[in-house]
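The next block holds one structure in the form of structure tokens; read it before the comments.
So that the names make sense, note that chain A is the first sequence line, chain B the second, and so on, each numbered from 1. Quantities reported herein were computed from a predicted structural model and do not represent experimental measurements.
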There are 2 protein chains.
Amino acid sequence: MQRVKLDKIDRRILRDLQEDGRMTNVELARRAGISAPPCLRRVRALEETGFIQGYHADVDAQALGYNVTVFAMVGLASQAEHDLRAFEARAAAWPEVRECHMVAGEMDFLLKIVSHSWDEYQKFLTTELTVAENVNHVKSALSIRTAKNMPGVPIDIEVED
Amino acid sequence: MQRVKLDKIDRRILRDLQEDGRMTNVELARRAGISAPPCLRRVRALEETGFIQGYHADVDAQALGYNVTVFAMVGLASQAEHDLRAFEARAAAWPEVRECHMVAGEMDFLLKIVSHSWDEYQKFLTTELTVAENVNHVKSALSIRTAKNMPGVPIDIEVED
DNA sequence: GGTGAAACACGGAAATT
DNA sequence: AATTTCCGTGTTTCACC
């Protein structure tokens, strides 16, 4: 990762693209207060230095039948680095597991899992997750409703460079 | 939300745009096996019916100095609908709170929070979250590392229409 | 869903400060 | 060194089949 400082224009670009990833370069430039070519160069630079890691359409999970989101709190029997990595690799391979975070506290991993139904989740839980190597215990927190779901991070453009 | 069935081409479009939200319409059409104009019509229809809720650049949180991600498990004193809504409104107004899910289980809400540092998080915790109306207890799970972070849902194009 | 055409945006190169 | 203007190329998006 580059440690070059971002100026106000860069942050403005990041904020706008985080808000609307399909904004055209001319509109982006207009908002940033510069002309299109340097704006595009900045975007390319932000992509190449990894500040922008990609662009994604936000697909409505429920519209596709994914009605159930569950956060699974997983405790492992062994926390040796090799065993942690092995579990992470297994979690990454399950398509219904969308996020896998190693956390400090009473659990070892927090997983965000999407399913078509509670039954489907239970099947995944009993035939995949709880029986996986080194998994000690799993607590499931079913998401009833999502009040906020903002991608990315807050970007304040009004700070000094 | 429309309950019209998506055909294989629609699912292909959704999958590709979820993967790369800035893919050009001609490339999208080429992959879907149709020409550009009908492809664009499908994309617009998917946007208007809400299957596609938006497009977002995936900004590297760490590169912007957000080194700390915390999952806060919040228990409320009162679970009356009015009080739940009040807490959700408050959570939605905090910019560092990126996600707020009401969950079933031992807690009431699961929040995903980003901060520049552990200190900044503790300040938020002690001056905002724990002192907020109706908040009973908060357990913080600091994310050590993220092994997987896939946006959206798995989209299988090879199912019958 | 496909075809053709106009409007527009992208992405160089040269000119400007 | 960076931004602005200009222009060729490709894409988007319209009307129509």
Side-chain angles (χ1 to χ4, degrees), chain A residues 1-60 63-64 152 155-161, chain B residues 1-60 63-64 152 155-161:
Chain A
M1 199 60 48
Q2 302 280 100
R3 50 204 71 264
V4 292
K5 303 290 279 181
L6 301 178
D7 63 12
K8 199 177 288 189
I9 295 176
D10 289 318
R11 284 195 297 273
R12 179 80 207 234
I13 290 171
L14 284 176
R15 194 175 64 100
D16 288 344
L17 281 179
Q18 186 175 263
E19 181 94 8
D20 177 8
R22 290 212 101 174
M23 189 178 293
T24 65
N25 184 58
V26 289
E27 172 67 8
L28 203 59
R30 196 190 60 75
R31 290 175 181 235
I34 59 176
S35 66
C39 183
L40 186 63
R41 272 201 300 276
R42 281 169 180 267
V43 173
R44 294 284 174 268
L46 289 168
E47 289 168 353
E48 272 157 35
T49 54
F51 282 96
I52 296 175
Q53 302 195 306
Y55 302 88
H56 306 282
D58 182 12
V59 175
D60 185 353
L64 266 76
I155 298 178
D156 190 357
I157 60 174
E158 294 304 332
V159 294
E160 68 280 4
D161 295 342
Chain B
M1 198 61 47
Q2 303 280 101
R3 52 202 70 265
V4 292
K5 302 291 277 181
L6 301 176
D7 63 11
K8 198 176 288 189
I9 294 176
D10 289 318
R11 283 194 298 273
R12 180 78 208 234
I13 289 171
L14 284 176
R15 192 174 66 97
D16 287 344
L17 282 179
Q18 186 174 263
E19 181 93 9
D20 176 8
R22 290 211 102 174
M23 188 177 293
T24 64
N25 184 58
V26 289
E27 172 67 7
L28 202 59
R30 195 190 60 76
R31 289 175 182 236
I34 58 177
S35 65
C39 184
L40 185 64
R41 277 199 296 270
R42 281 169 180 266
V43 172
R44 293 286 172 265
L46 290 168
E47 290 167 353
E48 272 155 38
T49 53
F51 281 97
I52 295 176
Q53 302 194 307
Y55 302 88
H56 306 282
D58 182 10
V59 175
D60 184 352
L64 265 75
I155 298 177
D156 190 357
I157 60 174
E158 293 303 335
V159 293
E160 69 281 2
D161 297 342

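The salt bridge (Lys or Arg N to Asp or Glu O under 4.0 Å) analysis of residues 45-58 of chain A, with sequence neighbours excluded, yields the pairs Arg44(A)-Glu47(A). Sorted by first and then second residue, the salt bridge (Lys or Arg N to Asp or Glu O under 4.0 Å) pairs involving residues 13-26 of chain A (not counting sequence neighbours) are Arg12(A)-Asp16(A).
Asp10(B) contributes atom CG, which lies 9.5 Å from atom CD1 of Ile52(B) (distance to the nearest 0.5 angstrom).
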If you restrict it to nitrogen or oxygen atoms, what contacts under 3.5 Å exist between nucleotides 7-14 of chain C and the protein, and what is each distance?
| from | atom 1 | to | atom 2 | distance (Å) |
| --- | --- | --- | --- | --- |
| dC10(C) | OP1 | Asn25(A) | N | 2.8 |
| dC10(C) | OP2 | Asn25(A) | N | 3.3 |
| dC10(C) | OP2 | Val26(A) | N | 3.3 |
| dG11(C) | OP2 | Arg44(A) | NH2 | 2.7 |

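In this structure, Arg30(A) and Thr24(A) have side chains that are not in contact, with every pair of non-hydrogen atoms separated by 4.5 Å or more. Residues Phe51(A) and Val59(B) fail the side-chain proximity criterion, which asks for heavy atoms closer than 4.5 Å. Looking only at side-chain heavy atoms (C-beta outward), Leu40(B) and Leu28(B) stay at 4.5 Å or farther from each other.
When every heavy atom of Asp60(B) is checked against every heavy atom of Gly50(A), the shortest pair comes out as CB-O, 3.3 Å.
Bounding nucleotides for the chain B contact on DNA chain D, 5' to 3', at a heavy-atom distance below 4.0 Å, are dT11(D) to dC14(D).
In this structure, the side chain of Arg11(B) engages the main chain of Leu6(B) through a donor-acceptor pair within 3.5 Å. No donor-acceptor pair closer than 3.5 Å links the side chain of His56(A) to the backbone N or O of Gly21(B).
By the side-chain hydrogen bond (donor to acceptor under 3.5 Å, both in side chains) test, Arg41(B) pairs with no residue at all, sequence neighbours left out.
Axis angle between the ends of the helix from dG1(C)-dC17(D) to dT17(C)-dA1(D), five pairs each and rounded to 10 degrees, works out to 30°.
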